[in-house]
Structure formats: structure tokens, C-alpha cells
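Take a look at the structure below.
A quick note: this is a predicted structure, and the numbers were derived from the prediction, not measured. Throughout, protein chains are lettered first and strands after them, A, B, ... in sequence-line order, and every chain is numbered starting at 1.
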There are 2 protein chains.
Amino acid sequence: MSKNTDFVTSCPLTKVQKIVGGKWKIVILWYLSVGPKRFGQIKRTFPDITQAMLTKQLRELEEDGFVHREVFKEIPPRVEYSLTATGENFVPILRSMYDWGEVHLAPAEQ
Amino acid sequence: MSKNTDFVTSCPLTKVQKIVGGKWKIVILWYLSVGPKRFGQIKRTFPDITQAMLTKQLRELEEDGFVHREVFKEIPPRVEYSLTATGENFVPILRSMYDWGEVHLAPAEQ
DNA sequence: CGGGATCCGAGAAGATACTG
DNA sequence: CAGTATCTTCTCGGATCCCG
């Protein structure tokens with residue numbers, strides 16, 4: 001606010017990018033957009049993410065208010081992740097990005 | 001294509017994120033959406049980007065077909081950056097992200 | 001089962017100096 | 001003016017081991 005270059009960091013675009021800029025964030029959100037998922041389900045869906053990374057990204061998404069984490073006190077433990085209202089509101093943007101990518105990025109390019 | 005986990009890397013969302021995932025990419029695109037800009041203009045607009053980083057990000061955006069680079073053979077040299085048709089097509093998504101951020105991310109949070 | 005804690009390498013990002 | 005070339009720093013993401 002004091003420095004006049006802060007219009008960059010205060011730009012909504014910058015904030016959004018910081019939140020969903022993680023390597024796996026948007027695909028996780030995309031996956032959760034079809035319904036709540038258990039930790040193991042997500043992990044099996046994205047085998048290339050390590051548990052540690054998956055936990056980290058989910059926690060960050062939780063802190064940013066995109067994802068809700070529900071712990072069921074059972075044996076064995078069970079944890080479900082779902083989108084919050086904020087997260088749901090972001091899905092249309094993901095969808096438009098998805099559609100845009102399909103149209104403008106040739107599958108076999110690069 | 002061979003491994004069944006490639007649906008992740010082949011996901012349009014993943015591709016889009018790779019392209020605009022750079023720290024400054026989307027704000028640069030956002031800035032260019034108002035019209036062609038010279039290198040020096042961009043640099044002065046974002047003083048926190050080093051020349052090297054700015055050059056790199058612009059070249060990557062150029063390689064990905066989002067930005068057009070026009071070199072004028074003058075003394076002193078002059079280089080103008082502008083959005084390609086693809087880049088222009090992406091602007092509405094930036095705009096929706098911008099609007100979404102304004103609504104859902106409180107200015108004073110965190 | 002769903003993590004936490006720690007260590008580590010690669011690549012992103014920053015600082016600085018030089019050039020056509 | 002608009003870069004290039006290094007060098008350094010730092011953050012992200014990955015691997016591994018341990019825990020309730």
C-alpha cells in the first residue's frame with residue numbers, strides 16, 4: 001500500500017495465481033469438482049504426486065478457503081476433501097480454462 | 001499416451017498452467033492486453049522484475065504463441081511486444097480471474 | 001489410512017556486469 | 001534501449017522414514 005509498485009501484488013490476478021499456482025492445485029480442484037474425495041482416492045488418481053506434496057497442496061488449498069477437510073474419527077482413519085463454496089465458485093473459471101486449452105492448444109504440439 | 005497417468009499431463013488445464021504459471025506471466029499478459037508495449041515500458045511498469053527475468057518470461061510467452069515480438073531496426077533499438085490472436089483469446093479468462101479475485105479475495109485478508 | 005518430519009536436488013528467480 | 005552472460009539464492013517439489 002505504501003510503495004506504488006504494490007499494485008502488482010495487490011492485483012487480484014496475482015493473488016489468484018498465488019493460490020492456484022502450485023503444480024498440482026488446479027488439477028486437484030478439477031478432480032474435486034466432481035464430488036468429495038478421500039485422500040487415498042486422490043493419491044491413486046494422481047500417482048505422480050507424493051503423499052507429502054499432496055498433503056501440502058491440500059492444506060494450502062484449505063488455508064486459502066478453496067477446500068474443506070473433513071476428518072472422520074474412525075478406525076482406520078478417513079479424511080474427505082471437498083470444495084468449499086469459494087472453491088465451487090472457481091470451477092467455472094477452471095472449466096473455461098479447460099475449454100480454452102482444448103481449443104487453442106493442439107494435442108500434439110511442441 | 002502410453003502410460004495411463006498421462007491424462008494428467010495431457011490435461012488442457014495442466015498445459016495452460018504450464019504456460020501462464022510463471023510468476024509474472026499473467027500480469028504481463030494483462031498489461032499487454034491494453035495494447036502493444038515496449039520492453040522499457042514493461043520494465044518500468046514492473047520494477048520488481050529484473051531485465052533477465054522479464055526477457056525470459058516474454059520469450060517463453062512468445063514461444064507459446066501468446067505474445068508477438070516486433071523488432072524495429074533503429075538506433076536506439078526498439079522492441080515492441082503485443083498479444084497474438086491466441087493471447088487476445090486468452091484475455092477473457094484473465095478478466096474472469098481478475099473479477100473473481102476481486103469478489104472472492106478480500107483486499108485485507110491474510 | 002492418512003498423515004508428519006526431515007533431508008535433498010532441480011529449477012525458478014534475483015543480482016550484477018557487460019554488449020551491440 | 002534492449003538485451004546477454006554469469007553467479008548466487010531460494011523455493012518448490014520429490015524421496016524416505018516414522019507415527020497415531
Side-chain angles (χ1 to χ4, degrees), chain A residues 3 5-6 8-9 11 13-29 31-32 36-64 67-82 110, chain B residues 3 5 8-9 11 13-14 16-29 31-32 36-64 67-82 110:
Chain A
K3 291 162 56 183
T5 64
D6 280 351
V8 177
T9 47
C11 175
L13 279 176
T14 305
K15 294 181 186 173
V16 171
Q17 191 230 11
K18 274 194 171 183
I19 295 176
V20 299
K23 185 172 178 181
W24 305 98
K25 298 275 181 72
I26 58 175
V27 278
I28 292 173
L29 290 175
Y31 180 57
L32 288 181
K37 300 292 175 187
R38 299 185 55 173
F39 184 87
Q41 285 181 291
I42 306 174
K43 184 166 170 6
R44 263 175 275 117
T45 303
F46 306 103
D48 291 345
I49 319 182
T50 59
Q51 322 83 305
M53 189 49 53
L54 180 55
T55 300
K56 193 182 166 201
Q57 306 264 310
L58 283 169
R59 290 299 162 85
E60 287 174 8
L61 287 171
E62 189 190 2
E63 281 173 27
D64 290 324
V67 161
H68 173 67
R69 180 169 177 266
E70 179 102 36
V71 182
F72 297 87
K73 289 284 186 179
E74 307 172 354
I75 302 294
R78 174 167 147 238
V79 180
E80 269 190 9
Y81 293 90
S82 57
Q110 282 135 25
Chain B
K3 290 163 56 185
T5 63
V8 177
T9 48
C11 174
L13 279 175
T14 305
V16 171
Q17 191 232 9
K18 274 195 169 181
I19 295 175
V20 300
K23 185 173 180 181
W24 305 98
K25 298 275 182 72
I26 59 174
V27 278
I28 291 174
L29 290 175
Y31 180 58
L32 289 181
K37 299 292 174 188
R38 298 184 56 170
F39 185 87
Q41 284 183 290
I42 307 175
K43 184 166 169 7
R44 263 175 276 114
T45 304
F46 307 104
D48 291 344
I49 320 183
T50 60
Q51 321 84 305
M53 187 50 53
L54 180 54
T55 300
K56 192 184 166 200
Q57 306 264 310
L58 284 169
R59 293 299 164 85
E60 287 174 8
L61 286 172
E62 190 191 2
E63 282 173 27
D64 290 325
V67 162
H68 174 67
R69 179 169 178 264
E70 180 102 34
V71 182
F72 297 87
K73 289 282 185 178
E74 306 173 352
I75 302 294
R78 175 166 147 239
V79 180
E80 269 190 10
Y81 293 89
S82 56
Q110 280 132 27

Polar pairs (N or O, both sides) under 3.5 Å between protein and nucleotides 12-15 of chain D?
from	atom 1	to	atom 2	distance (Å)
dG13(D)	OP1	K23(A)	N	2.7
dG13(D)	OP2	Q57(A)	NE2	3.2
dG14(D)	OP2	W24(A)	NE1	3.3

Go through dG3(D), dG3(C), dC1(D) for me and flag the one nearest to the P77(B) side chain.
dC1(D)
P76(B) has its side chain closest, among dG3(D), dG2(C), dC1(D), to dC1(D)
Passing option when W24(B) is tested against L61(B), L29(B), D48(B), L54(B) for side-chain contact (heavy atoms from CB on, under 4.5 Å):
D48(B)
Contact under 4.0 Å: [X] side-chain N or O vs [N] OP1/OP2:
X      : N      : answer
R69(A) : dG2(C) : no
Y81(B) : dG3(D) : yes
R78(B) : dG3(D) : no
R38(B) : dA2(D) : yes

In whole Å, I'd like the distance from the [atom1] atom of [X] to the [atom2] atom of [N].
X      : N       : atom1 : atom2 : value
Q51(A) : dA5(C)  : CD    : P     : 15 Å
E74(A) : dG2(C)  : CD    : P     : 10 Å
K43(B) : dC1(D)  : NZ    : P     : 11 Å
F72(B) : dG20(C) : CZ    : C1'   : 19 Å
L58(A) : dG4(C)  : CG    : P     : 10 Å
R59(A) : dA5(C)  : CZ    : C1'   : 13 Å
F39(A) : dG2(C)  : CZ    : P     : 7 Å
K18(B) : dA12(C) : NZ    : P     : 10 Å

From L13(B) CG over to K25(A) NZ, what is the distance, rounded to the nearest 0.5 angstrom?
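Between atom CG of L13(B) and atom NZ of K25(A) there are 15.0 Å.
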Could you state the interatomic distance from NZ (K18(A)) to CD (E60(A)), rounded to the nearest 0.5 Å?
12.0 Å
Any base atoms under 4.0 Å from R44(B), or only sugar-phosphate, or nothing? Heavy atoms, all strands.
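No contact at all - R44(B) keeps every heavy atom at 4.0 Å or more from the nucleic acid.
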For [X] and [Y], work out which heavy atoms get closest and say how close.
X      : Y      : result
I42(B) : Y81(B) : CD1-CD1, 4.1 Å
E80(A) : P36(A) : OE1-CB, 3.9 Å
Q51(A) : F39(A) : O-CZ, 4.1 Å
Q57(B) : I28(B) : CB-CD1, 4.1 Å

